[in-house]
Amino acid sequence: MSETEFRPPLNDPWKGFRGVCAGTLVLEAIVVLLSLPVVAVVGGGATWFSTIYIVLLAVAMIAGAGKQGKSWAMKFNLILQVFVLLGTVFHLSIGIVGLIFIAVWLYLLYLRRDITERIRRGMLPGQRD
């Protein structure tokens, strides 16, 4: 092997990363569903549209958690964040949840880039041994 070629890492780092992304989506779905009582009580009241919107958004997140192995998964995750932000029209709290989780997803994008770079440099366990 040349200096620029390294063996694959001993453990698949992407398996753990996919698990973190899936867990984040499930957690976000729970938080989004917990915003329903806030919209109903503090906001102007839950309408049939706001309730369906929030529930479908949470269902999409839970369904997306099972698709984290797909090549389009991160794009899907980021598109979901746009829809969470659009939920601000129902209540500001949903928008705040959206901003918090956008920060989480931006950090996950940073981690994905870092893992890719570490694999490229051969810095993961077992790549240089």
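The residues of the chain are indexed from 1 along the displayed sequence. All of these numbers come straight from a predicted model, not from anything done at the bench.
- Side-chain contact check for W14 versus Q68: every heavy-atom pair is 4.5 Å or farther apart.
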- Task: List the steps and the verdict of side-chain contact (heavy atoms from CB on, under 4.5 Å) for S35 and I54.
- Result: CA-CA 8 Å; S35 70; I54 292 170; 4.1 Å; yes
- Check the pair V55, L36 against side-chain contact (heavy atoms from CB on, under 4.5 Å), reporting the backbone distance first and the verdict last. CA-CA 9 Å; V55 169; L36 270 174; 4.0 Å; yes
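- F101 and L92 are not part of a single hydrophobic cluster, where members link through side-chain heavy atoms under 4.5 Å apart.
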- Where do L106 and Y110 land on the side-chain contact (heavy atoms from CB on, under 4.5 Å) test, with the steps shown first? CA-CA 6 Å; L106 289 175; Y110 165 77; over 6 Å; no
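- A 6.0 Å sphere centred on CH2 of W72 holds more than 12 heavy atoms belonging to other residues, nucleotides or ligands.
- Side-chain atoms of L80 and L25, non-hydrogen and from C-beta on, do get closer than 4.5 Å to each other.
- The shortest heavy-atom contact between A29 and A58 is CB-O, 3.7 Å.
- One N or O on the side chain of S50 and one on the backbone of T47 form a donor-acceptor pair closer than 3.5 Å.
- A distance of 9.0 Å separates CG of L108 from CD1 of I115, quoted to the nearest 0.5 Å.
- Counting all heavy atoms, side chain and backbone alike, G95 lies closest to L85 at O-CD2, 3.6 Å.
- Within the 4.5 Å cutoff, no side-chain heavy atoms of V31 are placed close to those of E28.
- A salt bridge does not link R113 to E117: none of the charged side-chain nitrogens sits closer than 4.0 Å to a carboxylate oxygen.
- Under the 4.5 Å side-chain contact rule for hydrophobic residues, F90 and V59 share a cluster.
- No more than 12 heavy atoms of other residues, nucleotides or ligands shown are found within 6.0 angstrom of CG on N11.
- Within the 4.5 Å cutoff, side-chain heavy atoms of L78 are placed close to those of L109.
- Looking at heavy atoms from C-beta onward, V42 lies out of side-chain contact with S93 at the 4.5 angstrom threshold.
- Under the 4.5 Å side-chain contact rule for hydrophobic residues, V104 and I96 do not share a cluster.
- L86 CG to T88 OG1: the interatomic distance, rounded to the nearest 0.5 Å, is 7.5 Å.
- Placement of L27 and M74 within a single hydrophobic cluster is found when ILVMFWY residues are connected by side-chain heavy-atom separations under 4.5 Å, directly or transitively.
- Atom CZ of F76 sits in a crowded spot, with more than 12 heavy atoms from other residues, nucleotides or ligands closer than 6.0 Å.
- When atom types are taken as modelled, the side chain of T116 and the backbone of R112 share a donor-acceptor pair closer than 3.5 angstrom.
- Side-chain N or O atoms of Y53 include one that pairs as donor or acceptor with a backbone N or O of F83 at under 3.5 Å.
- Contact of the V32 side chain with the I94 side chain is not registered, since no non-hydrogen atoms from C-beta on lie closer than 4.5 Å.
- Taking the side chain as every heavy atom from C-beta outward, W105 and T24 approach each other to under 4.5 Å.
- Side-chain contact check for M61 versus V84: some heavy-atom pair is nearer than 4.5 Å.
- No chain of hydrophobic side-chain contacts below 4.5 Å, direct or via other Ile, Leu, Val, Met, Phe, Trp or Tyr residues, connects I62 to V82.
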- Message: Applying side-chain contact (heavy atoms from CB on, under 4.5 Å) to H91 and V97, what does each step give before you reach the verdict?
- Response: CA-CA 10 Å; H91 196 265; V97 166; over 6 Å; no
